[in-house]
2 protein chains.
Amino acid sequence: MGITERKEREREEMRQLILEAALKLFLTNGFEKVSIRNIADEIEYSPATIYLYFKDKNELLFALHQRGFAKMVAEFQPLRLLNDPFEKLVEMGRAYIRFAVENPELFDLMFIMTAPMDKLDKEDWVEGDQAFGLLMQVVQECMDAGVFQQHDIQSTAMMIWSSIHGYTALFLRKRLGMFAECDVPVIMDDSFNLFCETLRKGL
Amino acid sequence: MGITERKEREREEMRQLILEAALKLFLTNGFEKVSIRNIADEIEYSPATIYLYFKDKNELLFALHQRGFAKMVAEFQPLRLLNDPFEKLVEMGRAYIRFAVENPELFDLMFIMTAPMDKLDKEDWVEGDQAFGLLMQVVQECMDAGVFQQHDIQSTAMMIWSSIHGYTALFLRKRLGMFAECDVPVIMDDSFNLFCETLRKGL
DNA sequence: AAATTTACTGAACAGTGTTCAGTAAATCAG
DNA sequence: CTGATTTACTGAACACTGTTCAGTAAATTT
């Protein structure tokens, strides 16, 4: 009975169609300014239809959020080639910041916006979990290689992630108004390099 | 002609009345769930009245945001008594995190939400500027005392602020789902202590 | 061919931020 | 004190928002 399979496939195609349209609109107009009606218009369906494929707007956002992680993980792949674990860590941080600056809307959805996380009960956040696992792995390598002293991995990884995340969060939410606009990138860079140096010397 | 003075005073009182009501509602119900109409109801005025005192919702939010900074600065005062500059820095970080955890809505407004910063043209962000100045001062003291090596102050202060801010941003936006809920505070604390230790050794 | 399931929609509900003509009171000028 | 003007406020509306639900037309099953 291939008919139910086809139905299911069509259903999945429709979901993807919605997500694609939503992503396109979000990336061009920003999240705040895109409504369910806009998305419905884009795919030439009624707004009510969207609710046949997603429970509510948050679920739709969460689906996009997963796409964001897929993209980020893809961009992290080249790092696997690096041999020096510390260099790998540093480049990972740089990639994180670069991703945030180049994909502000996606990054927002993944790490800053409240909306997509509102419904999540407990440990459904597989994507975040995996990404953090990757970081812990690299940190472990640094410790094994003697670049860092032995410390609790979770806390160490958390410390590094938080630090890197801080830059992006403050930058994306426009909290660096105390610097001249043109100085911001260079200060961010200097600051990041200083952090790396400090880690290498002090951790 | 004391009449214009009285008018001005009454106007300021009205502004404060609105802000007080708004803050009360925001802190009890969260920012997302409070509308201009709610605030108007609370003070028993028409919604349109609020627009006679604030250009739009963002301006109202920005006014509250300033109150948040006032409260934060007040909580930072006891730190002035500390003599050891490094201890001062550490306690400043701890106070920042504590403020975020104990006043999540205010902190959100001050450092995470986009809304209040949307209209701000360039360097209107006096509050943030002052707070950052305070941090730079302490960092300078640490360098002078020989706890840190000499580095560019702005970048160093930025590095420290970002790092501390990262914890709070990830925590408040519920991105620590990879840890068991009960572990979060202890990991945050371990991680913060590790950061301080790393700074002392490596900076 | 008839009955049933599926996919979709128009219209509505209750809410949002914001504007604006209109009103009543306070202030000013003569 | 009276009439004109300014001030403070409001009700109603506009153009949105997310979401629901009865109703419809097509696809599928019987």
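Order of the sequence lines sets the chain letters (A, B, ...), proteins ahead of strands, with each chain counted from 1. Quick caveat: nothing in here was measured; it's all calculated off a predicted structure.
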Do the charged groups of [X] and [Y] touch, with an N to O distance under 4.0 Å?
X: E91(A); Y: R94(A); answer: yes
X: R9(A); Y: E5(A); answer: no
X: R67(B); Y: E20(B); answer: yes

If the plane angle is over 60° it's perpendicular, under 30° parallel, otherwise tilted; pick one for [X] and [Y].
X: H65(B); Y: W125(B); answer: tilted
X: Y96(A); Y: H165(A); answer: perpendicular
X: F132(B); Y: F179(A); answer: perpendicular

Is the gap between the ring centers of F69(B) and F111(B) under 6.0 Å?
-> yes
Encode nucleotides 7-17 of chain C as B, S and - characters from 5' to 3', where the letter depends on protein heavy atoms closer than 4.0 Å: B to the base, S only to sugar-phosphate, - to neither.
-> SBBB-B---BB
Go through the structure and list residues passing salt bridge (Lys or Arg N to Asp or Glu O under 4.0 Å) with K24(B), not counting sequence neighbours.
-> E42(B)
Rounded off to whole Å, could you give me the CG-to-P distance for the L60(A) and dG18(D) pair?
-> 10 Å
Whole Å only: how far is the CD atom of E5(A) from the C1' atom of dT28(D)?
-> 16 Å
Can you give me the N/O atom pairs linking the protein to nucleotides 22-26 of chain D at distances under 3.5 Å, or say none if there are none?
none

